[in-house]
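Both backbone and side-chain heavy atoms feed into the values below; hydrogens, waters and symmetry mates do not. As the structure lists them, so they are numbered: ligands from 1, and atoms in each ligand from 1.
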Amino acid sequence: MSLTLEVLVVGGGIAGMNYAVQLADKAGGRKLRIRILSKATVHESSSFHAQGGVAAAMCAEDPFEDHVRDTLAVGEGRNDADVVRLVVKEGPAVIRGLIGLGAHFDRDRGGALHLAREGGHRAARVVHHRDRTGEEIVRVLQQRVRDIPVIGTVMDQRVIELLTEGEGAYRRCIGVRAVDLRTGDVVEHFAHVVILATGGAGRLFEHTTNPAGATGDGVAMGIRAGALTRDMAFVQFHPTALFTGVPGTVGLVSEAVRGAGARLIGITGRPVMAGVHPMGDLAPRHIVARAIHREMVRTGARYVHLDAGPIGIERFCAEFPGIAALCRDTGLLPGRDLLPVMPAAHYLCGGLRTDSHGRTSIPGLYALGECACSGLHGADRLASNSLLEALVIPRRAAETTWETRAPAAAPASQVIARDRLAKRPVEIVGRATAALTHAMTMHVGIVRKTEGLESALRVINCIERQVLPIWHRRRWSPALMDLRDLLVVARSVTEAALHEPVSVGTHFLEEPEPYDRPMAHIPGGSIN
Ligand code: SIN
């Protein structure tokens, strides 16, 4: 190919940066330009805040098959078993690759990697950098991105639409439309290949461990452009977010804390996980989150307690310095004080449907990381498998990208409209967003009922009728852009949940019998 291959990456977290680095590394003299479009700094991405680590079968006592088995068990058979096998198999190689780039992971006294244990894992297999693994991986990738001249980052770009051309089998993605958040200009960026790596949609719910930018942008744009989705019913709630009573982003207390010995107890002192699951406090997340929810309903409290006493103050502060600092900010000393915790929206297991190379159903469009659904996770995600996926699939996507036929030079970016940002926040947008997150939390959260799902859909319809006319007047505030995308994802999650007739993984239907009935197990899975 003598033309320059033009690639746009939307989202500058770990999946997006890793893809860019891998693609550039594979260029081998071919001409390439990669633009990473980002609406916020990497410090505001979910991956930067990832505490736990990267799950990988790193030692002889932990064969791949066991990691595969745990992934399938937590996903309750809704995973794509081939994707699970290939991602798990590549785990040790990506860890070695990161170490080669200079990443520091914790080691034991003998120099071997220290492996943490998290929920759903029957073995300790989480490679980590204390409780700041995301930050460490971002550090090394960001350095590589800076060192590679063909990669450029364009900040303050809020991408609002995918651009496609052609019809039927010839339709392909040719770029994106974005609002420049500094100038308010609407800009069209063209490319031969577009990569969505926009992260999740935790902002659908009142409490989330995700940062403010987790508004489902990539999934929403993909759906509007007609891309297929998969497994949208499955939203993972992390069992232990630090309770503050304030809606929005809540601090995470990593599952590795329970892996190190902390235990969940109700406010009356009752062990939350006693008799619930053979893996106790380290059961799969949907089981633990549901048990906490049930305990909260039973006691009327808005949280349960995490007792880190078995870890001790000194060890806690050494192994979990980030979480200790978070607790200190609320006047708590882990190991001495009981920590009030509650479940919070954490991870969208579904997303734009991709193959194991990150290709969506629209030619020229890839999706990577949390906005994608490769089939790895199934109906619930095994802890620390998301960073693994964000390291493995982009590498495969980069290999495939070089097979792209670039038929002509992609036109440069062009401004198509000036000054489209609303001068003042529109009041109704704030109220509508609060109504949406409330409906999603009440009806599409940890415990669902058919009538509740239907009621959430009515709320979504009603908000759409009020808000979309404001969008069409073409004065857009960032909050309006977010709400427009959240509505698309909310509808997709809710409709997918209505199409799941029995409880599976994170999708728990309370009717006809409340709680305690065995989970349905659907081998093979289906596509929403
Ligand atoms: C955690 O550290 O508990 C979160 C890690 C993950 O979501 O995989």
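A salt bridge links R122 with D70: the closest approach of a Lys/Arg side-chain nitrogen to an acidic carboxylate oxygen falls below 4.0 angstrom. Remark: R78 does not engage D380 in a salt bridge, criterion side-chain N to carboxylate O under 4.0 Å. A salt bridge does not link K89 to E65: none of the charged side-chain nitrogens sits closer than 4.0 Å to a carboxylate oxygen.
Considering backbone and side-chain N/O of H346, one or more are found under 3.5 Å from N/O of ligand 1. Polar contact check, G52 against ligand 1: a nitrogen or oxygen pair lies under 3.5 Å apart.
The ligand atoms of ligand 1 that sit less than 4.0 angstrom from a heavy atom of A383 are 8 (O). The E118 neighbourhood of ligand 1 comprises atoms 1 (C), 2 (O), 3 (O), 5 (C), with distances under 4.0 Å to a heavy atom of that residue. Residue E255 has at least one heavy-atom neighbour below 4.0 Å for each of these atoms of ligand 1: 1 (C), 2 (O), 3 (O).
Using a non-hydrogen distance threshold of 4.0 Å, S384 registers as a contact of ligand 1. Proximity of Q236 to ligand 1 is not established, as no heavy-atom distance is less than 4.0 Å.
Residues H377 and Y347 place their aromatic rings such that the two centres sit under 6.0 Å apart. Residues F48 and H43 bring their aromatic ring centres within 6.0 Å. Ring centroids of F237 and F205 are separated by less than 6.0 Å, placing the two rings close together.
Shown here is F320, whose CZ atom has more than 12 heavy atoms of other residues, nucleotides or ligands within 6.0 Å.
With respect to atom 2 (O) of ligand 1, the closest heavy atom belonging to the protein is S254 OG, 2.7 Å.
Between the choices H238, R285, Q51, the shortest heavy-atom distance to atom 6 (C) of ligand 1 belongs to R285.
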